[in-house]
Amino acid sequence: METQFKKPISITELKERYAKGERNFRNSDFESGTFENLNLDGIDFEHSWFHSSIFRNCSLKNENLKNCNLKCCEFDNSNFENVSFYNSLLCGSDFQNCELKGTDFTKAGFYGAELNTVDYLKHLSDKNNVA
């Protein structure tokens, strides 16, 4: 019998479930959370909501952030290699010292976002357009 997905209620719960092998965290909601010094490679956050969240010193390689709302978030010194932000809103979010190699920003919205000390243009190809 399959268990029904339950949204994590805290970052601590997310970390525990991730450590046990769970990767599907679609439709999750996090507000004012701090994700710090975490390895969340391969996690699936499609259709999730992050507001005023901080991602600091995290590895988020091969993550799915499609169709997400990442409003007023801070991304600092984190690895977003091969992450998809397809059709996501990054309004008011700040990226500083992040690795974006192979990152897909197709149809992503950046209104009011800051990309400080990020050479994101060197990582964009025809399939990784910033809209």
Side-chain angles (χ1 to χ4, degrees):
M1 182 169 133
E2 277 190 44
T3 59
Q4 190 154 358
F5 172 73
K6 179 183 162 201
K7 290 182 184 180
I9 59 169
S10 68
I11 295 171
T12 300
E13 180 184 337
L14 171 79
K15 289 179 356 184
E16 290 169 359
R17 290 168 58 183
Y18 182 91
K20 292 178 183 174
E22 190 172 343
R23 297 296 182 266
N24 180 3
F25 292 95
R26 290 179 173 209
N27 301 301
S28 293
D29 299 314
F30 291 96
E31 188 164 344
S32 301
T34 300
F35 299 80
E36 192 163 19
N37 302 315
L38 297 177
N39 179 339
L40 298 174
D41 293 347
I43 202 165
D44 186 351
F45 279 128
E46 188 166 354
H47 295 287
S48 292
W49 166 265
F50 297 87
H51 189 279
S52 301
S53 295
I54 298 169
F55 292 81
R56 185 177 298 124
N57 301 318
C58 291
S59 182
L60 305 152
K61 295 185 286 188
N62 304 306
E63 187 169 314
N64 180 5
L65 286 162
K66 294 178 184 175
N67 303 300
C68 287
N69 191 332
L70 300 123
K71 189 170 185 164
C72 301
C73 293
E74 293 179 33
F75 305 101
D76 185 25
N77 199 39
S78 292
N79 188 337
F80 290 94
E81 189 174 338
N82 298 319
V83 169
S84 179
F85 286 101
Y86 177 86
N87 200 40
S88 290
L89 295 175
L90 298 149
C91 300
S93 294
D94 297 328
F95 286 81
Q96 294 188 28
N97 302 312
C98 292
E99 174 60 58
L100 299 172
K101 183 179 179 184
T103 302
D104 183 2
F105 289 108
T106 304
K107 296 187 179 182
F110 288 92
Y111 181 80
E114 290 187 32
L115 298 165
N116 296 321
T117 62
V118 175
D119 190 2
Y120 65 94
L121 291 176
K122 76 177 182 181
H123 301 302
L124 298 178
S125 66
D126 290 341
K127 72 177 184 88
N128 296 329
N129 296 316
V130 176

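Worth knowing before you read on, the calculation uses all heavy atoms, side chains too, and leaves out hydrogens, waters and symmetry mates.
- Nearest heavy-atom pair across Ser28 and Ser48 is N-OG, 3.0 Å.
- Leu40 CG to Phe55 CZ: the interatomic distance, rounded to the nearest 0.5 Å, is 8.0 Å.
- Once rounded to the nearest 0.5 Å, the distance linking OG1 of Thr103 with CZ of Phe95 reads 8.0 Å.
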May I have the step-by-step check of side chain to side chain contact (heavy atoms under 4.5 Å, CB included) for Asn39 and Leu60, ending in yes or no? CA-CA 6 Å; Asn39 179 339; Leu60 305 152; over 6 Å; no

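- Looking only at side-chain heavy atoms (C-beta outward), Asn79 and Leu100 stay at 4.5 Å or farther from each other.
- Taking both residues in full, the closest heavy atoms of Tyr18 and Arg23 are given as O-NH1, 2.7 Å, listed atom of the first, atom of the second, then distance.
- In summary, Glu46 and Lys66 do not engage in a salt bridge, as defined by a charged side-chain N under 4.0 Å from a carboxylate O.
- Residues Tyr86 and Lys107 form a side-chain contact, since some pair of their non-hydrogen atoms from C-beta on lies under 4.5 Å apart.
- The pair Glu36-Arg56 counts as a salt bridge, with a side-chain nitrogen and a carboxylate oxygen less than 4.0 angstrom apart.
- A perpendicular orientation is assigned to the rings of Phe85 and Phe75, their planes being inclined by more than 60° (bins at 30° and 60°).
- Connection of Phe110 to Leu65 is established within a shared hydrophobic cluster, with ILVMFWY side chains joined at heavy-atom distances below 4.5 Å, either directly or through further cluster members.
- Of all heavy-atom pairs between Leu90 and Ala113, the closest is O-CB, 3.5 Å.
- Among all heavy-atom pairs drawn from Ser78 and Asn57, the shortest one is OG-N, 3.4 Å.
- No donor-acceptor pair under 3.5 Å is formed between the side chain of Glu81 and the backbone N or O of Val83.
- Defined by atom type and a distance below 3.5 Å, a donor-acceptor pair is missing between the side-chain atoms of Asp41 and Asn62.
- Distance alone, capped at 3.5 Å, is enough to place a donor-acceptor pair between the Ser88 side chain and the Asn67 backbone.
- Residues Asn77 and Gln96 fail the side-chain proximity criterion, which asks for heavy atoms closer than 4.5 Å.
- A salt bridge links Arg17 to Glu13: at least one charged side-chain nitrogen sits closer than 4.0 Å to a carboxylate oxygen.
- A distance of 10.5 Å separates CG in Asn64 from CZ in Phe45, rounded to the nearest 0.5 Å.
- Interatomic distance, Cys73 SG to Ile54 CD1, rounded to the nearest 0.5 Å: 9.0 Å.
- Across all their heavy atoms, Ser32 and Ser53 have their closest contact at N-OG, 4.0 Å.
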May I have the step-by-step check of side chain to side chain contact (heavy atoms under 4.5 Å, CB included) for Lys61 and Asn82, ending in yes or no? CA-CA 6 Å; Lys61 295 185 286 188; Asn82 298 319; 6.0 Å; no

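- The CG atom of Asn27 sits 9.0 Å away from the SG atom of Cys68 when rounded to the nearest 0.5 Å.
- Hydrophobic clustering (ILVMFWY, side-chain heavy atoms < 4.5 Å, transitive): Phe35 and Trp49 are in distinct clusters.
- Separation of atoms CZ (Phe30) and CD1 (Ile11) is listed at 6.5 Å; rounding is to 0.5 Å.
- No side-chain donor from either of Asp44 and Asn24 sits under 3.5 Å from a side-chain acceptor of the other.
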